[in-house]
Amino acid sequence: MDPASQDINLNSPNKGLSVDHSDSLSDVPVQGAMGNSATPLPPGLTEEEAEELRTELTKVEEEINTLRQVLSAKERHAAELKRKLGLSPLNELKQNLTKSWQDVQTSNAYVRTTEKLGQWSERVTGSDLYKKTQETLSQAGQKTSAALTTVGSAITRRLGDMRNSATFKSFEDKMGNLKYKVVGPKGNGEAASSPTDTTPTQENPPF
């Protein structure tokens, strides 16, 4: 028998009798894991409805895990097929970029933007300001070309005048004389005789 349930007073007539504490303990609120961990239900939700929702949530989470496993297996299978086909990540990236660009070109936003740009270009090229600017640039180009032609003609004419001038001719004559002195008559195709050539040769020289 539990000593705590006995009367500790030896002179008491209830000595040795057990004391029933079941009624007093049942009135005391229990503080434990159940009381603290239980999530309070939202207003208007009964316990039966909450249990149904919990069951449905468990099923949905299980389906999500199953789908993740299936998706992972499919990705591995796709990677193996790409490896066998020789499709590298770079080629796959190029294909994705090409497809994305094609999708952009066929999209409504791209078509509308292209049309707007075409209309804006037509308006700009058809405006008076654009025409005047184009005419001004054209005239400036023609003037620049004419100026360069005039400068080139002036330089050519100036060089011709210099060649016909007395100074240039005198300089040319001096250069010709200098060349004659340095090269000699050989430069004019004439055979130059050496001093030894003037000495007559003897057919029978004495011994």
Side-chain angles (χ1 to χ4, degrees), residues 29-165 168 171-172:
V30 178
Q31 298 293 335
M34 295 298 295
N36 293 333
S37 62
T39 303
L41 298 177
L45 186 65
T46 62
E47 184 64 31
E48 290 78 7
E49 294 174 348
E51 187 64 26
E52 291 179 0
L53 293 176
R54 293 191 190 97
T55 303
E56 184 177 359
L57 177 60
T58 302
K59 291 180 179 180
V60 172
E61 290 178 347
E62 291 177 354
E63 292 176 357
I64 291 174
N65 292 330
T66 303
L67 292 175
R68 285 176 178 172
Q69 295 176 0
V70 172
L71 179 60
S72 178
K74 293 291 184 182
E75 289 178 349
R76 290 195 298 270
H77 184 58
E80 182 66 19
L81 294 176
K82 290 178 181 179
R83 186 186 64 79
K84 291 180 179 180
L85 291 173
L87 297 177
S88 63
L90 181 59
N91 293 333
E92 186 177 359
L93 177 61
K94 290 180 179 179
Q95 293 178 357
N96 293 334
L97 291 176
T98 302
K99 186 177 182 302
S100 300
W101 177 241
Q102 292 176 352
D103 294 339
V104 169
Q105 288 180 330
T106 56
S107 63
N108 295 329
Y110 181 85
V111 173
R112 287 196 299 268
T113 303
T114 305
E115 292 176 354
K116 290 292 184 182
L117 289 175
Q119 295 174 0
W120 181 78
S121 178
E122 291 178 357
R123 291 178 182 177
V124 170
T125 54
S127 63
D128 296 336
L129 179 60
Y130 179 83
K131 292 179 180 180
K132 290 180 180 179
T133 304
Q134 190 175 15
E135 291 176 358
T136 302
L137 292 176
S138 178
Q139 293 175 1
Q142 293 176 359
K143 291 180 180 179
T144 302
S145 178
L148 292 176
T149 302
T150 302
V151 171
S153 300
I155 293 174
T156 304
R157 187 171 57 254
R158 183 62 177 172
L159 290 176
D161 295 340
M162 289 178 62
R163 287 181 62 87
N164 296 325
S165 64
F168 187 84
F171 177 75
E172 190 174 14

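If you read the sequence from its start, that first residue is 1, and numbering goes on from there.
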Atom pairs and distances, side-chain donor-acceptor, residues 115-126, under 3.5 Å, sequence neighbours left out:
unit_1	atom_1	unit_2	atom_2	d
Thr125	OG1	Ser121	O	2.9
Thr125	OG1	Glu122	O	3.1

Donor-acceptor contacts under 3.5 Å from residues 56-71 side chains, at least two apart:
unit_1	atom_1	unit_2	atom_2	d
Thr58	OG1	Arg54	O	2.9
Asn65	ND2	Glu61	O	3.2
Thr66	OG1	Glu62	O	2.9

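With sequence neighbours excluded, the residues forming a side-chain contact (heavy atoms from CB on, under 4.5 Å) with Glu49 are Leu45, Thr46, listed by chain and number. Legend: residues meeting salt bridge (Lys or Arg N to Asp or Glu O under 4.0 Å) with Lys131, ordered by chain and number and at least two apart, are absent. Take Lys99 and apply the side chain to side chain donor-acceptor pair (under 3.5 Å) test, not counting sequence neighbours, and it matches Asp103. With sequence neighbours left out, the side chain to side chain donor-acceptor pair (under 3.5 Å) criterion links Arg83 to Glu80. Partners of Asp128 according to the salt bridge (Lys or Arg N to Asp or Glu O under 4.0 Å) rule, which considers only residues two or more places apart in sequence or in another chain, do not exist here. When the ring-ring contact (aromatic ring centres under 6.0 Å, His included) test is applied to Tyr110, the partners found at least two apart in sequence or on another chain are Trp101. Partners of Lys82 under the side-chain contact (heavy atoms from CB on, under 4.5 Å) rule, at least two apart in sequence or in another chain, are Leu87, Glu92. Shown here are the side chain to side chain donor-acceptor pair (under 3.5 Å) partners of Thr113, two or more places apart in sequence or in another chain: there are none.
Asn108 places a side-chain heavy atom less than 4.5 Å from the side chain of Arg112.
Applying the salt bridge (Lys or Arg N to Asp or Glu O under 4.0 Å) rule to pairs touching residues 70-79 yields nothing, sequence neighbours excluded. Within the structure, no pair that satisfies the side-chain hydrogen bond (donor to acceptor under 3.5 Å, both in side chains) test touches residues 138-157, not counting sequence neighbours.
Between the CD atom of Glu51 and the CD atom of Glu47 there is a distance of 6.5 Å, given to the nearest 0.5 Å.
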